[in-house]
Protein chains: 2
Amino acid sequence: MTEDRTPQHDEPESRFLSGYDPHAFAPAAVTVDVVALTIRPEAGTGETGARRTGTPHVLLTRRAAHPQRGRWALPGGFVRAEDGPDGPADPDLPDAALRVLSEKTRLPTELHLEQLGTYGARGRDPRMRVFSVAHMLLAPDLPDPHSGRDTEEAAWVPWSELGHGEGSRAGRDLAFDHGRILADAVERARSKLEYTALATAFLPSAFTITALREVYQAVWGRTLHAANFHRKILATPGFVEDTGELAEHGGSGGGRRARLYRAGGAALLHPPLLRSTQ
Amino acid sequence: MTEDRTPQHDEPESRFLSGYDPHAFAPAAVTVDVVALTIRPEAGTGETGARRTGTPHVLLTRRAAHPQRGRWALPGGFVRAEDGPDGPADPDLPDAALRVLSEKTRLPTELHLEQLGTYGARGRDPRMRVFSVAHMLLAPDLPDPHSGRDTEEAAWVPWSELGHGEGSRAGRDLAFDHGRILADAVERARSKLEYTALATAFLPSAFTITALREVYQAVWGRTLHAANFHRKILATPGFVEDTGELAEHGGSGGGRRARLYRAGGAALLHPPLLRSTQ
DNA sequence: AGAGAAAAACTCAGGTTGAGAATAACGAGG
DNA sequence: CCTCGTTATTCTCAACCTGAGTTTTTCTCT
C-alpha cells in the first residue's frame with residue numbers, strides 16, 4: 001500500500017529477513033504477571049445471619065522454585081514467544097496473562113483484563129534481565145484457587161493483610177517488585193472506578209444498586225451515602241440499565257426487594273463519580 | 001528478612017543461580033518506542049503579525065533500514081539489557097526511552113515521561129517476536145530534530161496530518177503498529193488533561209493562564225470559554241501558583257499584560273476539568 | 001395487623017458550571 | 001493627551017449538581 005514510498009535501495013526486505021539471526025541479541029525474558037482482584041466474603045469472619053458485604057481480595061501464590069522460593073508472589077510466567085515444547089506461542093500479551101492465570105483458578109466467562117504496565121529495572125530478577133508485563137484482572141467472586149506447577153500454594157488474600165502503598169504497615173512482603181506492582185494495580189482500580197463503569201466487572205450479569213455501591217465502598221474503603229449514590233447512578237447515562245426484574249430476596253431481615261440492573265453500554269462516566277475530598 | 005518463610009528444601013538460591021543459562025529461552029526482543037508530543041507553530045502557516053497559538057506535533061522518523069524501510073515510524077530502538085559493545089545497559093525502561101530519543105532531538109531539562117503500554121502481538125515485527133514498550137513524552141516547544149543512525153529523516157508532524165483514531169481520514173500510515181500506538185498516546189494525553197495537571201508539561205516554567213488554555217484547546221481540538229477557564233484554574237488548589245510577575249508583552253496588537261504563573265505542586269486535579277459534553 | 005428492615009424517592013441549602021457582560025490594563029495612532 | 005482596538009481579569013446570574021437528611025414504599029417476620 002505504501003510501495004511507492006520505499007526507497008530504491010539494493011536489498012529487498014524479503015532477502016533481508018531470511019538472513020536474520022534472532023539469537024544475536026542479548027538474552028532478555030518477557031513475563032506476564034497478573035493482579036487478579038475479586039470481591040469475596042472476608043475469610044474467618046464467621047458472622048452468621050448478618051449481611052456479608054465482601055472485601056477485595058488478590059490472588060497470590062507461594063513460589064515453589066528458585067528464585068525467591070517460599071515467598072508470596074503474583075501469579076505469572078514466561079510469555080511463550082514462539083511455538084515450542086511447552087506449547088504453542090501466545091498470540092498476544094492478554095492471551096499469555098489468561099494462560100498463566102488459568103493454571104491457578106477457574107476463569108469466569110465474563111472478566112475484565114487490562115494491561116497495567118511493564119517493569120524492567122535492571123536487577124529486579126537475579127537470573128537475567130526480565131521485563132514483566134503486569135496485568136490487572138477483575139472478576140466477580142472467583143472460586144478458591146488450586147496450586148499449579150512451580151507453585152506451592154495459592155490463595156485469595158484480602159487487601160487488609162497487605163501493606164499496599166501509603167504508610168509502613170508492614171504486611172506480607174512479596175517477591176521481586178510485586179509489592180509495587182500490586183500497589184499500582186490497587187491505585188489503578190480505585191481511580192478507574194471514578195471515571196469508568198469498571199465497578200460492574202466485579203459483579204455478576206444482574207445486580208442491584210446496593211451491590212454496586214458495596215463494590216465502591218469495598219474498593220475505596222469508605223462508606224457512601226446510599227440515597228445520593230442511587231440518584232447519581234441512575235442519572236449517569238449508560239452506566240446501568242433496568243432489567244425489569246427484582247432481586248430474589250432481601251436477606252433474612254426482610255425489606256423491599258431491590259430492582260435488578262445490568263451493565264450499560266457506557267465505558268466512561270460523564271460526569272465522573274468522584275471520591276469526595278472529605 | 002523473610003528467612004523464616006523459606007521452605008527447608010535442598011538447594012540454596014545462590015547455587016541455583018550459578019547454574020542458570022539465560023540463553024535457554026526462546027529469543028524475544030524488547031524495544032522502546034517514544035511518542036514525543038510538543039506544541040509548536042504550525043509549519044507552513046506563515047501568518048505574520050497574528051497570534052500563533054501552536055498545534056500539537058509528534059516526532060516521527062523515516063526508517064532507513066529494513067524492515068519497513070522508507071516508512072514513517074515512532075523513534076525507538078532495542079533496550080540494552082546488559083552491558084555490551086554498543087554501550088552500557090539501560091538501568092530501566094525510562095532510561096532507554098530517553099536514550100533513543102536523544103539520538104533524534106535535544107532534550108529539555110524539564111519533561112514529562114510516562115509509560116503507555118507494551119505491544120507484543122505475534123507478527124507485529126517480521127524479524128522475530130518483539131515486545132515494544134511505548135512511552136509518551138511531553139515537553140515545551142522542542143527544537144527541530146536531527147537524523148540519527150538507521151534514520152533517513154526525522155520531523156515534527158502535526159496531528160492534523162495523521163489519521164489518528166476515529167474516522168478513516170487516511171493520513172500518513174505508520175510502520176508496524178505505530179499508528180495504533182500513536183492513537184493510544186493521543187487519547188491518553190487528552191484524557192489526562194482532564195484529571196491531572198499534565199498540561200503544564202507543554203509549557204515553559206512560567207506561563208500565562210491564556211497559554212495554559214491554549215494547550216487545552218490545542219490538545220482537545222475545541223475552544224474553551226476564557227473567563228470560565230480562568231476562574232476554574234485559579235479555583236483548583238495546587239494547579240498553578242502566582243509568580244508575582246507579568247508577561248513581557250501581549251503581542252503586536254496591545255492588550256493588558258497577563259500575570260505569570262508556575263506549575264503548582266498538585267499532580268491530580270480535584271475536581272477535574274472536564275471536556276464538556278456538547 | 002404491626003414492627004423492623006431495606007430500597008427508592010423527595011427536599012433543600014450550598015456549591016459549581018456555562019454564558020454573557022463589565023471592568024482593567026495595555027499599545028498605537030491621531 | 002485622548003480614543004480605539006485588544007487582551008486579561010472580574011462580575012453576574014440562572015441552571016444544574018451535590019451532600020445530608022427525611023419520607024415513602026414494599027418487603028419479612030412475628
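Worth knowing before you read on, the calculation uses all heavy atoms, side chains too, and leaves out hydrogens, waters and symmetry mates. Chain identifiers are assigned alphabetically (A, B, ...) following the order of the sequence lines, protein sequences preceding nucleic acid strands; residue numbering begins at 1 within each chain.
- For B/R257 and C/dT23, the CZ to P distance is 24 Å, given to the nearest whole Å.
- Each of B/L274 and A/A258 was assigned the nucleotide of DNA chain C with the nearest heavy atom; the assignment lying further toward the 5' end belongs to A/A258.
- With hydrogens and angles disregarded, no donor-acceptor distance shorter than 3.5 Å links the side chain of B/K104 to the backbone of B/A155.
- With a 4.5 Å cut-off on side-chain heavy atoms, B/V35 and B/V58 count as touching.
- Rounded to whole Å, the distance from CG on A/L269 to C1' on D/dC17 is 16 Å.
- How far CG of B/L37 is from CH2 of B/W159: 5.5 Å, rounded to the nearest 0.5 Å.
- Contacts between residues 223-234 of chain A and DNA chain D, defined by a heavy-atom separation under 4.0 Å, are made by A/H225, A/A227, A/N228, A/R231, A/K232.
- To the nearest 0.5 Å, the span separating CH2 on B/W220 from OG on B/S191 amounts to 9.5 Å.
- Rounded to an integer number of Å, the gap from CZ of B/R213 to P of D/dT9 is 10 Å.
- For residues 190-215 of chain A, the set of pairs meeting the ring-ring contact (aromatic ring centres under 6.0 Å, His included) definition, not counting sequence neighbours, comprises A/Y195-B/Y195.
- If you take CD1 of B/I209 and P of D/dT9, they are 7 Å apart, rounded to a whole angstrom.
- For the pair A/L274/B/P272, a side-chain contact is recorded, criterion being any heavy-atom separation below 4.5 Å from C-beta on.
- If you take CD of A/E214 and C1' of C/dA7, they are 12 Å apart, rounded to a whole angstrom.
- Put simply, the side chain of A/E110 never gets that close to the backbone of A/P204: no donor and acceptor are under 3.5 Å apart.
- Between A/R256 atom CZ and D/dT24 atom P there is a gap of 13 Å when expressed in whole angstrom units.
- Atom CD in B/E248 sits roughly 18 Å away from atom P in D/dT7 (whole-Å rounding).
- When rounded to the nearest whole Å, the span between CG of B/L212 and P of D/dT9 equals 12 Å.
- Looking only at distances, a side-chain donor or acceptor of A/H178 sits under 3.5 Å from a matching main-chain atom of A/L74.
- Residues of residues 236-245 of chain A that place a heavy atom closer than 4.0 Å to DNA chain D do not occur.
- No hydrogens or angles considered: nothing links the side chains of B/D33 and B/Y119 as a donor-acceptor pair under 3.5 Å.
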